[in-house]
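This is a predicted model, so every value here is computed, not measured. In what follows, chains are A, B, ... by sequence order, proteins preceding strands, each numbered from 1.
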Amino acid sequence: MSTQTQTIDPAAILDARFTDAIHAAVPDLPIEQIKTHITASRQPKFGDFQSNCAMPIAKRFKMQPRELAAKIIEHLDVSGVAEPITQANIAGPGFINVTLLPEAISSALGAMDNDQLGINIPDNPPTVVVDVCGVNLAKQMHVGHLRSTVIGDAIARLYERMGYKVIRQSHVGDWGLPIAMVVEQLITIEDQGVDLSTLSLGELNAMYKVVQAKCKAETKALELIQKAGGHAKAEIELAERIADANAAMEKAKARLVNLQSGDERSVAVWQRIYDITMTACLSTCKRLHADITDEHSAGESTYRDELAPLVQDLIDRKIAVEDDGALVVKCEGIKEPTIIRKRDGGFLYATTDLAAIKRRVNKLGGDIVVYVVDSRQSLHFKQVFAAAHKAGYDKTNPGIDAKLTHAMFGTVLGEDNKPLKSRSGENLNLTDLLDEAVSRASATVAEKNPEMPEAERAPISEAVAMAAVKYADLSSERIKDYVMNFDRMLAFEGDTGPYLLYALVRVQSIFRKASEQGVDTSSYHNAPFKLVEPSEKALALMLLRYPSLIESAGQACEPSRLCSFVYDLASAYGPFYDKCQVVKCEDDAIRNSRFRLCDLVGRVLADALETLGIPTVERM
RNA sequence: GCCCCGAUAGCUCAGCUGGAUAGAGCAACGGACUUCUAAUCCGUAGGUCGAAGGUUCGAAUCCUUCUCGGGGUGCCA
């Protein structure tokens with residue numbers, strides 16, 4: 001990775017200057033341990049930035065913090081960046097308050113006004129593999145897939161925006177017994193004359209459930225009845241059902257063997273299921289404005305030939321051991337061993353995930369592998385990461401360990417604070433949920449713009465709905481559960497997706513208005529920034545935080561931090577828009593400065609929303 | 001039993017490596033529309049940061065114990 005070639009961020013410049021000053025004031029402190037603790041001031045009366053460095057250093061070296069602060073500012077050179085720092089800038093226990101020079105803000109904005117919006121792209125970027133989406137064959141997407149798709153795509157976009165090489169991988173559940181059950185069922189009904197070419201995913205999904213129920217033996221219930229000395233009739237009935245289920249299960253297992261050995265008809269039916277499912281799911285991804293396509297699909301089936309050799313490798317190297325008939329990998333610090341082969345010889349999801357880590361690191365070259373998966377899988381990933389490490393499957397080519405991260409997320413809840421389900425108690429279908437959001441958005445758009453023709457309203461409603469749903473999903477910390485509430489997320493006011501779209505619309509409308517009124521907008525691109533109103537300065541300072549924010553949100557795999565920033569930026573634009581006339585501004589220099597500021601705000605807003613994967617609109 | 005995660009205003013949430021008087025939005029109340037799209041902006045009110053100890057100049061943040069809620073826990077994924 002390259003070092004920063006240019007720093008546009010005043011905070012970064014201050015960080016460098018403070019580091020030098022601290023180094024001079026406290027030579028005993030190794031320079032690499034210096035932390036300047038530069039943060040934006042919370043209140044304008046304390047200036048624009050503050051350094052909280054004096055207190056921790058004073059504590060470590062048993063000094064008086066205010067005296068140390070005084071010593072630091074003696075060595076501090078903030079020329080060209082901030083107003084001179086004097087004793088008066090030291091406050092409280094030793095805070096050092098900094099007020100930026102107006103010209104420093106202006107030139108920083110000017111430096112940010114480029115194609116990358118001030119973000120430094122590394123020359124030699126790392127590769128990051130992001131595990132996203134993860135649908136299952138023969139099943140419709142439900143709310144659970146919303147988060148892995150939306151958050152996963154946003155994390156991938158964040159890394160892309162930082163200039164990293166990103167490879168998305170959708171770990172499609174396309175293999176194993178559940179799929180074999182459906183294959184078996186489809187072959188049965190095809191033999192009865194049903195045309196499989198017209199099957200929809202909805203029908204497949206219904207069939208999946210039927211087949212699951214058919215193969216599920218209610219052994220426990222029978223035991224209970226027998227124990228309680230229950231009805232003989234019920235007992236017989238149940239015993240029959242269990243016999244049927246066992247028979248169905250046997251057929252499914254036989255079908256799995258067929259499928260795995262490449263039986264032509266089994267494979268053809270499997271392919272049909274695959275095509276139906278993926279066509280529908282990828283179209284939902286597209287609707288969600290998530291960059292997940294066919295090329296990102298890496299289903300469990302693609303690992304099928306890699307599992308046996310992998311397990312053999314682990315046996316040969318004595319990493320895996322037999323335990324009670326199963327083959328396990330035991331890792332230090334984890335009580336539960338990772339089972340990679342069942343007593344009956346079958347492989348498990350841990351086996352596939354080990355193969356996936358190996359492929360992602362060794363073959364795809366991932367320096368970082370991020371799993372955007374439900375928090376309930378945290379033990380599983382802890383085990384698999386540890387096992388992969390023990391086996392050395394996480395070694396990148398130069399022999400460095402890849403960084404394996406489980407970017408876990410919480411559950412989507414209903415109004416009752418329980419996992420969101422449909423009225424019939426099943427997982428809520430994602431398409432239904434999105435349709436509902438669109439219909440509500442459409443009603444509001446129509447209400448706000450009664451004269452807007454239907455042809456224009458439809459795509460706007462769609463975008464507004466997706467923005468609302470996605471922003472609601474992205475804006476709270478990943479790990480937290482959140483309650484799905486259409487009224488709140490589509491409220492069009494406050495911290496919502498639609499509010500952000502509206503902020504962007506208002507920025508763009510300034511240029512449309514200028515053009516309508518024949519105001520010259522050809523000469524603002526290189527105009528100097530003249531920030532005269534407090535709201536302009538606040539807006540400018542907010543803009544300047546963008547590059548470092550992208551970096552920190554990306555490193556933390558936390559799109560919610562970018563959401564907070566976008567909302568803060570939109571909120572800072574509000575007062576500016578209210579107080580500062582742009583098109584009608586009399587002063588040429590200020591008008592052009594404001595045009596340029598608006599232009600920058602618009603581009604940062606659009607860039608941030610694009611990085612979150614939220615679609616935008618021209619009007620709404 | 002053991003392990004993981006959460007708890008901040010009436011509601012929904014920020015608060016990143018400990019920093020100044022804990023911040024937003026919604027809801028409530030008051031104000032600003034011949035508008036650069038008011039889907040907005042300004043203001044008022046609202047909090048023993050789950051509880052109790054501890055660490056220190058300073059704790060919502062770190063440590064310990066506990067309470068409540070959610071999840072996981074060897075042959076499903």
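The backbone N or O of A:A553 sits nowhere less than 3.5 Å from a side-chain atom of A:R561 that would complete a donor-acceptor pair. Side-chain N or O atoms of A:R147 include one that pairs as donor or acceptor with a backbone N or O of A:G410 at under 3.5 Å.
For the residue pair A:N89 / A:Q87, no side-chain donor-acceptor distance below 3.5 Å is found, with atom types taken as modelled. There is no side-chain donor-acceptor pair under 3.5 Å between A:Y371 and A:D353. Side chain to side chain, A:N205 and A:Q140 meet the donor-acceptor criterion of an N or O pair below 3.5 Å.
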Nucleotide by nucleotide, nucleotides 1-7 of chain B touches protein heavy atoms under 4.0 Å in the pattern (B base, S sugar-phosphate only, - none) BS--SSS

Reading 5' to 3' through nucleotides 21-31 of chain B, protein heavy-atom contacts under 4.0 Å coded B for base, S for sugar-phosphate only, - for none | B--SS-S----

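Between the NZ atom in A:K335 and the CD atom in A:Q383 there is a gap of 11.5 Å [rounded to 0.5 Å].
With the nearest nucleotide of RNA chain B identified for both A:K342 and A:R619, A:R619 has the one nearer the 5' end.
For A:D353 against B:rA77, no side-chain N or O and base N or O form a donor-acceptor pair under 3.5 Å.
You'll find that the side chain of A:Y502 is closest to B:rU37, out of B:rG74, B:rU37, B:rG71. When the nucleotides B:rC57, B:rA20, B:rU37 are ranked by their closest atom to the side chain of A:K59, B:rC57 comes out on top.
Of the options A:L500, A:I151, A:L562, A:L158, a side chain to side chain contact (heavy atoms under 4.5 Å, CB included) to A:L612 is made by A:L562 and by none of the others.
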